[in-house]
Amino acid sequence: MNLMLEDYLTETELSQARTPEEFIKWFEQKLAITKDYREELKNQNILHKGIAKNFYEELFPLYHLLQRKQQEWQGVRITYIPRNQKKQRTKSFDVRLESSDESIPKHIEITQADRDEEEHLRMLYFLEQGSVSTTGKVTKIGTKKTGLQISVEDEVGESSKSIAEKIDLIQKAIDRKTKVTQRPDMTALLVYFDDYLKYPRGKGQNELDAFLSENESWKKQYMRLFIVSASGELFWEKS
């Protein structure tokens with residue numbers, strides 16, 4: 001039997017309105033399923049195929065954000081908008097928030113700093129080889145039709161270089177989301193990034209703090225900026 005995440009998660013279920021507490025409880029139940037069937041769902045989850053794309057690229061960032069905002073946003077009704085519903089809208093966003101508190105965003109747009117073609121190729125290489133460098137340079141030869149060959153360098157660059165590259169990816173993610181001409185009022189931007197880099201915690205934190213204190217490009221389109229790491233340990237909020 002070939003299990004799929006769709007066997008345990010539907011788009012109708014995704015789009016139900018929930019409070020932060022309800023969302024966290026529901027998401028953790030689904031997360032437990034992905035762990036129980038880790039091997040069966042391995043390819044789909046690593047490559048973010050089908051509904052796994054929603055789960056890992058949008059619901060996971062939202063989950064980590066709500067862990068931070070659960071008390072402050074208590075009672076807020078939160079509705080995730082699946083991709084097929086977004087296509088019907090002229091003004092796009094990923095999450096709707098319903099609250100009488102005017103300081104709380106009414107919409108959230110979610111973006112990934114790391115999930116690009118290079119990261120997809122890195123994950124394909126991981127599935128083929130069983131291990132992969134998280135920072136090594138990725139190269140490819142050929143295509144799916146002609147035969148795709150992927151190589152990833154084993155060397156890991158200096159920590160300062162890795163931090164600079166991570167900051168650059170976050171900036172590019174912000175830039176992509178400020179180019180949209182139709183964004184609803186009271187929209188916040190949530191940027192999600194992988195914090196797998198092995199640098200001294202204080203140093204990396206300080207460099208990211210400095211970058212965010214100086215960056216104001218997001219203010220062109222958004223009332224607030226949230227940045228959260230994949231581990232959930234690192235979090236920034238700017239308004």
Side-chain angles (χ1 to χ4, degrees), residues 11 14-15 17-20 23 27 48 53-70 72-73 76-120 163-195 205 207-230 232 234-239:
E11 284 205 350
L14 293 183
S15 59
R18 298 177 175 90
T19 64
F23 182 93
F27 185 84
H48 294 188
K53 185 174 182 67
N54 301 73
F55 189 80
Y56 289 102
E57 296 185 17
E58 295 179 337
L59 294 178
F60 226 122
L62 180 60
Y63 165 65
H64 281 316
L65 174 63
L66 294 180
Q67 285 179 310
R68 296 280 183 163
K69 307 296 285 186
Q70 181 177 356
E72 184 181 343
W73 289 0
V76 175
R77 302 295 291 173
I78 297 163
T79 306
Y80 169 70
I81 312 297
R83 293 177 183 275
N84 64 341
Q85 294 182 29
K86 292 172 200 168
K87 292 178 181 179
Q88 302 170 12
R89 299 177 176 275
T90 56
K91 296 184 177 181
S92 65
F93 54 87
D94 296 311
V95 181
R96 180 190 301 110
L97 292 85
E98 298 173 75
S99 171
S100 59
D101 188 338
E102 291 299 321
S103 68
I104 294 176
K106 295 187 182 299
H107 315 92
I108 300 175
E109 177 69 14
I110 302 172
T111 190
Q112 297 264 333
D114 312 90
R115 199 75 189 186
D116 52 16
E117 183 189 14
E118 181 175 304
E119 187 65 13
H120 180 72
I163 295 165
E165 290 173 345
K166 183 63 61 174
I167 289 172
D168 184 58
L169 287 173
I170 292 172
Q171 180 63 69
K172 287 179 179 177
I174 293 172
D175 291 343
R176 287 194 301 271
K177 291 300 180 176
T178 55
K179 293 178 181 178
V180 177
T181 57
Q182 290 189 319
R183 194 73 75 190
D185 293 339
M186 300 289 288
T187 298
L189 177 62
L190 170 57
V191 180
Y192 188 67
F193 74 97
D194 286 332
D195 53 333
Q205 180 87 43
E207 293 194 22
L208 284 164
D209 285 345
F211 160 71
L212 292 170
S213 67
E214 298 171 0
N215 185 293
E216 294 190 345
S217 59
W218 57 272
K219 291 183 178 179
K220 300 174 186 176
Q221 286 276 14
Y222 303 97
M223 67 171 289
R224 196 165 300 174
L225 173 68
F226 301 111
I227 297 185
V228 65
S229 68
L234 301 178
F235 176 76
W236 292 266
E237 179 178 353
K238 302 280 289 181
S239 60

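Basis for what follows: all heavy atoms, side chains included, without hydrogens, waters or symmetry-related copies. Because the structure is a prediction, the values reported are computed rather than measured.
- Arg183 and Ser92 are linked by a side-chain donor-acceptor pair at a separation below 3.5 angstrom, with hydrogens and angles left out of the test.
- Leu97 contributes atom CG, which lies 5.5 Å from atom CH2 of Trp73 (distance to the nearest 0.5 angstrom).
- Side chains of Leu65 and Tyr192 form no contact here, defined as non-hydrogen atoms less than 4.5 Å apart.
- With values rounded to the nearest 0.5 angstrom, Asp94 atom CG is found 4.0 Å from Glu109 atom CD.
- Using a 4.5 Å cut-off on side-chain heavy atoms (C-beta onward), Gln67 and Tyr63 make contact.
- Among residues two or more places apart in sequence or in another chain, the side-chain contact (heavy atoms from CB on, under 4.5 Å) test is passed with Glu57 by His48, Lys53, Arg83, Gln112, Arg115.
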Assess the residue pair Leu169 and Phe193 against the criterion (side-chain contact (heavy atoms from CB on, under 4.5 Å)); give the C-alpha distance rounded to whole Å, side-chain angles, the decisive distance to 0.1 Å, and a yes or no. CA-CA 9 Å; Leu169 287 173; Phe193 74 97; over 6 Å; no

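- Between Thr178 and Ser217, the shortest heavy-atom distance links the atoms CG2-O, 3.6 Å.
- Across all their heavy atoms, Glu237 and Arg224 have their closest contact at OE2-CD, 3.2 Å.
- Screening Asp194, Asp114, Asp195 for a salt bridge (charged side-chain N to carboxylate O under 4.0 Å, His left out) with Lys166, the sole residue that qualifies is Asp114.
- Checked by atom type and distance alone, the side chain of Arg77 pairs as donor or acceptor with a backbone atom of Ala17 at under 3.5 Å.
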After noting the C-alpha distance and the side-chain angles of His64 and Phe60, does the key distance pass the side-chain contact (heavy atoms from CB on, under 4.5 Å) rule? CA-CA 6 Å; His64 281 316; Phe60 226 122; 3.5 Å; yes

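- Pairing each heavy atom of Phe93 with each of Pro184, the nearest pair is CD2-CG, 3.6 Å.
- For Glu214, there are no salt bridge (charged side-chain N to carboxylate O under 4.0 Å, His left out) partners at least two apart in sequence or on another chain.
- Residues Glu58 and Val95 fail the side-chain proximity criterion, which asks for heavy atoms closer than 4.5 Å.
- Distance check: Ile227 CD1 to Thr111 OG1 gives 11.0 Å after rounding to the nearest 0.5 Å.
- Note that the CD1 atom of Ile81 and the CZ atom of Arg96 stand 4.0 Å from one another [nearest 0.5 Å].
- Between Asn54 and Tyr80, the closest side-chain pair of non-hydrogen atoms falls below 4.5 Å.
- In this structure, Gln171 and Asn215 have side chains that are in contact, with non-hydrogen atoms separated by less than 4.5 Å.
- Taking each heavy atom of Ala173 and Val191 in turn, the nearest pair found is CB-CG1, 4.2 Å.
- With rounding to the nearest 0.5 angstrom, the CE atom of Met223 is 9.0 Å from the OG1 atom of Thr187.
- When side chains are defined from C-beta on, Val228 does not count as touching Arg68, because their heavy atoms never get closer than 4.5 Å.
- A salt bridge does not link Asp175 to Lys179: none of the charged side-chain nitrogens sits closer than 4.0 Å to a carboxylate oxygen.
- Relative ring orientation between Phe226 and Phe235 is described as parallel, the plane-to-plane angle staying below 30° on a 0-90° scale split at 30° and 60°.
- Residues Leu212 and Leu225 form a side-chain contact, since some pair of their non-hydrogen atoms from C-beta on lies under 4.5 Å apart.
- For the atom pair CE of Met186 and CD1 of Ile108, the computed distance is 11.5 Å after rounding to the nearest 0.5 Å.
- One side chain, Ser103 or Asp101, offers a donor N or O that lies under 3.5 Å from an acceptor on the other.
- Looking at Leu14 and Phe55, their side chains never come closer than 4.5 Å, going by heavy atoms from C-beta outward.
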